[in-house]
**Student:** 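Sending over a structure as structure tokens; questions will come in a sec.
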Amino acid sequence: MTLIRGKLAESGYSRVVGTNGADLSYLEFGLLALGDGHTWDRTFQGQEAVLVVLGGKCDVAAGGQTWPQIGQRADVFDGLPTSVYLPPGEAVQVRGRGEVEIAVCLARAEKGPKATLIPPEKVGVRQVGGGSFQRSIHDIAVIGSLPCERLLVGETYNPPGLWSSYPPHKHDVHNPPTESKLEEVYHFRLKPPQGFGLQRVYGDGFDQSYAVQHRDTVTIARGYHPVVAAPGYQLYYLWILAGEERVMYPRDDAAHAWVQNLG
């Protein structure tokens with residue numbers, strides 16, 4: 001596990017984590033901030049991408065298509081996301097319409113479907129867990145919704161004081177259908193922003209815990225990884241996964257799986 005402390009949005013693209021680190025072989029994650037009328041151009045060589053509008057509006061042009069004025073929320077706590085999928089080798093231009101912030105989620109890939117808009121009405125919304133580990137999930141690019149080569153992308157919302165990624169699960173061994181091997185990145189936001197949560201990552205021979213704050217990012221290469229929001233603070237994280245095979249078989253920690261029966 002690596003914790004990258006957050007900072008205020010910078011103009012242009014800021015790479016937060018990438019494949020040259022010790023934890024990640026497939027994933028890169030960055031943040032794009034644009035002012036009104038400012039543009040960003042990029043061609044994704046050897047990578048597929050999902051651009052998630054965190055807040056604000058923008059125009060996106062890719063694959064011979066233009067999607068004007070996309071983005072329907074002021075920030076991540078203001079409704080469903082708008083996103084764009086881009087296959088490897090695709091050139092894209094993003095233009096700010098007012099201030100806009102976009103999460104750039106990338107995975108090493110060789111192929112993928114055509115450039116596609118993922119509007120709010122195509123985002124899956126789920127309520128998961130129960131009691132003190134109930135949370136809401138937005139499925140943006142998941143199995144069954146978009147045939148990416150490797151990327152899996154979504155959002156989780158913890159109500160104040162509640163847990164997610166719970167019971168603790170992991171996905172660091174390729175043993176389907178019991179477990180799949182996927183590396184992961186979490187990017188956090190808090191409401192109000194001075195709040196915090198706790199992220200634990202543990203397994204055989206290791207156990208790490210951090211207080212995660214507004215705009216922090218965590219890489220998860222192995223281990224069980226539950227998260228809890230501090231009382232009084234709503235916690236959000238964008239999750240991004242990728243591995244050699246795009247299958248999702250999380251394995252619960254057997255010591256804690258019994259809590260599923262609490263309802």
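Position 1 is the first residue of the sequence; numbering continues from there.
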**Student:** What I want to check is whether the side chains of Tyr186 and Ser165 have a donor and an acceptor closer together than 3.5 Å.
**Tutor:** yes
**Student:** Considering only NZ, NE, NH1 and NH2 on the basic side and carboxylate oxygens on the acidic side, decide whether Glu110 and Arg150 come within less than 4.0 Å.
**Tutor:** yes
**Student:** Hydrophobic cluster membership, with links at side-chain heavy-atom distances under 4.5 Å among I/L/V/M/F/W/Y: are Met1 and Phe29 in one?
**Tutor:** no
**Student:** Side chains of Glu101 and Leu32: closer than 4.5 Å at any heavy-atom pair?
**Tutor:** no
**Student:** Return yes when atom CZ of Arg73 has more than 12 non-hydrogen atoms of other residues, nucleotides or ligands closer than 6.0 Å, and no otherwise.
**Tutor:** yes
**Student:** Verify whether one side chain among Gln199 and Tyr237 offers a donor that lies under 3.5 Å from an acceptor in the other.
**Tutor:** no
**Student:** With no hydrogens and no angle check, do the side chains of Thr82 and Gln72 hold a donor and an acceptor under 3.5 Å apart?
**Tutor:** no
**Student:** Within this structure, what is the CG-SG distance for the pair Leu27 and Cys105, rounded to the nearest 0.5 Å?
**Tutor:** 9.0 Å
**Student:** Does atom OH of Tyr13 have more than 12 heavy-atom neighbours from other groups under 6.0 Å away?
**Tutor:** yes
**Student:** Are Asp253 and Lys170 ion-paired here, with the side-chain N under 4.0 Å from a carboxylate O?
**Tutor:** no
**Student:** If I take atom OH from residue Tyr249 and atom NE2 from residue His169, how far apart are they, to the nearest 0.5 angstrom?
**Tutor:** 15.0 Å
**Student:** Can you tell me if His187 uses its side chain to pair, donor with acceptor, with the backbone of Val185 under 3.5 Å?
**Tutor:** no
**Student:** Give, for atom CZ of Arg215 and atom CG of Leu190, the distance between the pair rounded to the nearest 0.5 Å.
**Tutor:** 12.0 Å
**Student:** Indicate yes or no for a side-chain donor-acceptor contact from His171 to the backbone of Leu182 under 3.5 Å, with no hydrogens or angles considered.
**Tutor:** yes
**Student:** Between Arg97 and Asp36, is the closest basic N to carboxylate O distance under 4.0 Å?
**Tutor:** no
**Student:** Using distance alone, with no hydrogens and no angle criterion, decide if Trp163 and Ser132 have a side-chain donor and acceptor under 3.5 Å apart.
**Tutor:** no
**Student:** If hydrophobic clusters are built by linking Ile, Leu, Val, Met, Phe, Trp and Tyr wherever their side-chain heavy atoms come under 4.5 Å apart, do Ile140 and Leu146 end up in the same one?
**Tutor:** yes
**Student:** Looking at OG of Ser11 and CG of Leu34, how far apart are the two atoms once the value is rounded to the nearest 0.5 Å?
**Tutor:** 6.5 Å
**Student:** Would you say CZ of Arg108 has more than 12 non-hydrogen atoms from neighbouring residues, nucleotides or ligands within 6.0 angstrom?
**Tutor:** yes
**Student:** Measure the spacing between CD of Gln47 and CG of Leu151 and express it to the nearest 0.5 Å.
**Tutor:** 9.5 Å
**Student:** Could you check whether any side-chain N or O of Thr178 sits under 3.5 Å from a backbone N or O of Pro176, counting only pairs where one atom can act as donor and the other as acceptor?
**Tutor:** no
**Student:** Does Ser83 reach the side chain of Leu51, with side-chain heavy atoms less than 4.5 Å apart?
**Tutor:** no
**Student:** Please determine whether residues Leu86 and Leu152 belong to a single hydrophobic cluster, defined as Ile, Leu, Val, Met, Phe, Trp and Tyr linked transitively by side-chain heavy-atom distances below 4.5 Å.
**Tutor:** no
**Student:** Would you verify whether the NZ or CZ of Arg5 falls within 45 degrees of the ring axis of Tyr210 while also being under 6.0 Å from that six-membered ring's centre?
**Tutor:** no
**Student:** Under 4.0 Å between a side-chain nitrogen and a carboxylate oxygen: does that hold for Lys57 and Glu99?
**Tutor:** no
**Student:** Can you establish whether the number of heavy atoms outside Asp204 located under 6.0 Å from its atom CG is more than 12?
**Tutor:** no
**Student:** Taking C-beta and beyond as the side chain, do Asp41 and Val92 meet within less than 4.5 Å on heavy atoms?
**Tutor:** no
**Student:** First locate atom CG of Leu162, then atom CZ of Phe133, and finally report the distance between them rounded to the nearest 0.5 Å.
**Tutor:** 10.5 Å
**Student:** Should the ring pair Phe196 and Tyr233 be called parallel, tilted or perpendicular, given that the plane angle runs from 0 to 90° and is split at 30 and 60?
**Tutor:** tilted
**Student:** Assess, by modelled atom type and distance only, whether the side chains of Tyr26 and Glu183 contain a donor and an acceptor separated by less than 3.5 Å.
**Tutor:** no
**Student:** Under a single-linkage definition using a 4.5 Å side-chain heavy-atom cutoff for Ile, Leu, Val, Met, Phe, Trp and Tyr, are Val94 and Val84 assigned to the same hydrophobic cluster?
**Tutor:** yes
**Student:** Would you find a donor on one side and an acceptor on the other, under 3.5 Å apart, between the side chain of Gln134 and the backbone of Val128?
**Tutor:** no
**Student:** Given the rule that I, L, V, M, F, W and Y join up when any side-chain heavy atoms are under 4.5 Å apart, are Val76 and Val52 in one cluster?
**Tutor:** yes
**Student:** If you take all heavy atoms of Asp252 and Ala257, which pair is closest and at what distance?
**Tutor:** CB-CB, 4.2 Å
**Student:** With a 3.5 Å distance limit and no angle check, can you tell me whether Gln213 reaches the backbone of Gly195 through a side-chain donor-acceptor pair?
**Tutor:** no
**Student:** Using only atom types and a distance under 3.5 Å, with no angle test, would you say the side chain of Asn158 pairs donor to acceptor with the backbone of Leu235?
**Tutor:** no
